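Please read all numbers here as calculations on a predicted model, not as lab measurements.
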Amino acid sequence: MPQATTREPGELVGPRFALFSDVLLLGLATTVACLPVLTAPAAMSTACAVLDRRVRHDRTITVGGYFRALRARLRTGDLAAGAAVVAGGALLLFNALVAGAGLPGAAVFRPALLAAGALLAVVLLHACARPESATSWREAARAAAYETVRAPRGSAVLLLAVATAAVCAWAYPPLALLVPGPLALAARAVEHAGATAPAAPAAPAAPAVLAAPAAPAASSHSRTATEHS
């Protein structure tokens, strides 16, 4: 469905700003949905799916529509994925506290720990944007890990988005309530770009002239066989 490009009479914001406001509203709704913690992966995955429908079909995002979509897809596997994310975050936090307590080699350990956390965040965003996350987080995580390595440009974009969101939340804490929306938009955009990337060109077919000489040879052979008979 083509989107409007001009502002209607009496309309306060144009269509481009409407998408921006929808992303911020979705970010706030996703933050609320993430408050139980275990629902965080499902909340981000639903945000990516709602944004996809918003862009493809020009459907306005509403808080009620988001929570209805989340309730319709919430299952035991989503809670298990949330528990795995919490366990991974707790492990990273514990190691960070140990490194800050004077662990030998902390100067090397801290950057490695930061890189591991950033890599896990990128893989998680990739997984939330994958359609497999609605049915199997294991398949989504496997595909996300492969996509992280296969498409380093997209992974770099997601890493930049995570870093920007962290800096914004650190500089102005109330912005932390809105960052899930832009993160979901970045994850879905990267996933869409990877899905629509042009495939490698097929090898050219052999020229017909290479096979042409075979026809006269076959005809001569049949003529010879006829004469002998």
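- Between A161 and A186, the closest heavy-atom pair is CB-CB, 4.0 Å.
- Hydrophobic clustering of Ile, Leu, Val, Met, Phe, Trp and Tyr side chains at less than 4.5 Å, counting indirect connections, keeps L26 apart from V179.
- At distances below 3.5 Å, at least one donor-acceptor pair connects side-chain atoms of N95 with backbone N or O atoms of L91.
- Rounding to the nearest 0.5 Å gives a distance of 11.0 Å between CG of L124 and CG of L119.
- Minimum interatomic distance between M44 and A184 (heavy atoms only, all atoms of both residues): CE-N, 3.9 Å.
- With sequence neighbours excluded, no residue forms a salt bridge (charged side-chain N to carboxylate O under 4.0 Å, His left out) with R138.
- When hydrophobic side chains of Ile, Leu, Val, Met, Phe, Trp and Tyr are connected at separations under 4.5 Å, L97 ends up clustered with L93.
- The side-chain heavy atoms of R54 and R188, taken from C-beta on, include no pair separated by under 4.5 Å.
- For the salt bridge (charged side-chain N to carboxylate O under 4.0 Å, His left out) condition, the pairs that include at least one residue of residues 110-131, sequence neighbours left out, are R130-E132, R130-E191.
- Residues F20 and P182 are not in side-chain contact: their nearest non-hydrogen atoms beyond the backbone lie 4.5 Å or more apart.
- Linking ILVMFWY residues whenever their side-chain heavy atoms come closer than 4.5 Å, directly or via other members, places L159 and V190 in the same cluster.
- Under the 3.5 Å distance criterion, the side-chain polar atoms of S45 are left unmatched by any main-chain donor or acceptor of P41.
- Put simply, the side chain of L92 reaches to within 4.5 Å of the side chain of L120, judged on heavy atoms.
- With hydrogens and angles disregarded, a donor-acceptor distance shorter than 3.5 Å links the side chain of R73 to the backbone of S133.
- The shortest distance between side-chain heavy atoms of L183 and L125 falls below 4.5 Å.
- What you find for A40 and C34 is that their closest heavy atoms are CA-SG, 3.7 Å.
- When every heavy atom of G65 is checked against every heavy atom of T62, the shortest pair comes out as N-OG1, 3.0 Å.
- In terms of hydrophobic clustering, with Ile, Leu, Val, Met, Phe, Trp and Tyr side chains grouped at heavy-atom distances under 4.5 Å, L51 and F67 are assigned to a common cluster.
- The structure places CZ of R53 at 9.0 Å from CD1 of I61, a figure rounded to the nearest 0.5 Å.
- Hydrophobic cluster membership is shared by V122 and V157, with clusters built from Ile, Leu, Val, Met, Phe, Trp and Tyr side chains linked at under 4.5 angstrom.
- Note that the CG atom of L185 and the CG atom of L19 stand 6.5 Å from one another [nearest 0.5 Å].
- Considering all non-hydrogen atoms of both residues, V50 and A69 come closest at CG2-CB, 4.4 Å.
- The main-chain N or O of A42 is never found under 3.5 Å from a side-chain atom of T39 such that the two would form a donor-acceptor pair.
- Taken from CH2 in W170 to CG in L175, the straight-line distance is 13.0 Å, to the nearest 0.5 Å.
- Residue L177 holds its CG atom at 11.5 Å from CG of L24, rounded to the nearest 0.5 Å.
- Considering every non-hydrogen atom in both T148 and H126, the closest pair reads OG1-CD2, 3.2 Å.
- Put simply, the side chain of L25 does not reach to within 4.5 Å of the side chain of Y66, judged on heavy atoms.
- L74 CG to T46 OG1: the interatomic distance, rounded to the nearest 0.5 Å, is 8.0 Å.
- By the rule that hydrophobic residues join a cluster once side-chain heavy atoms approach within less than 4.5 Å of another member, V98 and L113 end up as members of one cluster.
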